[in-house]
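A short write-up of the structure that comes next.
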Amino acid sequence: MTALLVAVALVAAPAPRPILISVDDLPIASGKLHPDPAERLKITHELLAVLAKHHVPAMGMVVGKNHPTPGDEALLDLWLKAGLELGNHTYSHPDASKLETQAFIADAEKERAWLAKFLAARGKTLRYFRFPFLDEGDTREKLDALRAYLASSKQTNLPVTIDDQDWSFEDDWVDARRKNDTRAMAEVAADYQAALRIHVEHFEALSQKLFGRPVPEIVLLHAEEVSAAQWNAFFTWLELTGHRFASVDEVLADPAYQTPQSYVGRNGISLWDRIRAERRNADAKAVIAKFLDVQIAAWNRGDLDTFTHAYADDATFVSPNGFNSGRAAVLERYKKKYPDRKAMGHLSLEIQETRLLEGDEFTYFGDTVPGHIQGASVAAKWKLVLDGKPPASGRTLLVLRPKGDGWEILQDASM
Ligand SMILES: [Zn+2]
């Protein structure tokens, strides 16, 4: 009986999940709210006290424009003296999608050079970089260039997996606290805790789905007054819900963080959302290729009705000789041009490029997430082999629209 109870207890208590606490915009985020050096020092002491109380090996990400004075540099020193690691979060906190590649690199490099020197004077090395707004660029070219810059300057991108909106509570918190409005403070506190918990649960459910196991997480927090007031309750909740505060090295060593992905978008998102979007997009491209295979197979057995069924009711067909609107007109055109099985020959299609049309969407909390795939375009080469005739070939550009679980052709420009 006792052995059984022990066994049940062992099964019921999984190993705590490692979680990295990363704190952005050091030394003080929302600097406009806290110009007073004494207040900046007080917030810093309070943040470090909560981290120490819960034995959190946090990463602090430093923004150059946030430490204009020697007093601010002294705040960074306090983080180092607490045994915490500092990383580069650029000089002016620019958005990679809104800046030219070289201008973004110059901004990141300006702070890297300063921070590397600051750390070297204290026997430390700069290792990590974080993209402001988690935005890694809106084109593949920019993403690749920024990754090459980080590699050449020996900075490792520190992603976020639990992307939340903790910073959005700062204004209301400071306003309520300054008015000594305890009721408003309690409301902000309750909202902060609820929002953070929902984000942790959401992203942990997502990583469980992606990897089929509990994965170490990286939560994004900010160096601000509301954090100083709310972290103790949040960290206590994390401890009670099976988490263990872990170092950057331990968390990043998990293979989940080596998952290849090259997501690009106009807004920054969680690493898990990046990986999910890449997998979803690869799946969508495979479904499109299959959809076109099935359509071509219909042609090659002489089934023009099924072949034409791939077109939307309101599809248009554009060729060098004309413009046909509607599926019925498309079918008519094919029937005229290919009156029998012999005239249809053997068709093949070689896809050269598939692009998916998608845009960012926003959750109720204001988090950016990859939007649904709204359409796709396919550039392909076609070839028609006919008995006793030289083969015909050309190119086509198809515009596709989702239909149920599949797709339909909305526009077909064949030449
Ligand atoms: Zn930031």
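Indexing begins at 1, ligand by ligand and atom by atom, following the structure's order. Hydrogens, waters and symmetry mates are skipped; everything else that's a heavy atom, side chains included, is used.
Checked against salt bridge (Lys or Arg N to Asp or Glu O under 4.0 Å), Asp273 has the following partners two or more places apart in sequence or in another chain: Arg276.
The only option from His54, His243, His55 that meets the ring-ring contact (aromatic ring centres under 6.0 Å, His included) definition with Phe235 turns out to be His54.
Within a 6.0 Å sphere centred on CD of Gln258, heavy atoms belonging to other residues, nucleotides or ligands number more than 12. Around the CZ atom of Arg355, the shell of radius 6.0 Å holds no more than 12 heavy atoms that belong to other residues, nucleotides or ligands.
For Arg130 and Tyr128, the positive end is not near the middle of the six-membered ring at less than 6.0 Å and at most 45° from its axis. Geometric assessment of Arg279 against the ring of Phe211 yields a positive cation-pi assignment under the 6.0 Å and 45° thresholds.
Taking distances strictly below 2.8 Å, the protein N/O/S atoms close to the Zn ion (ligand 1) are Asp25 OD1, His89 NE2, His93 NE2.
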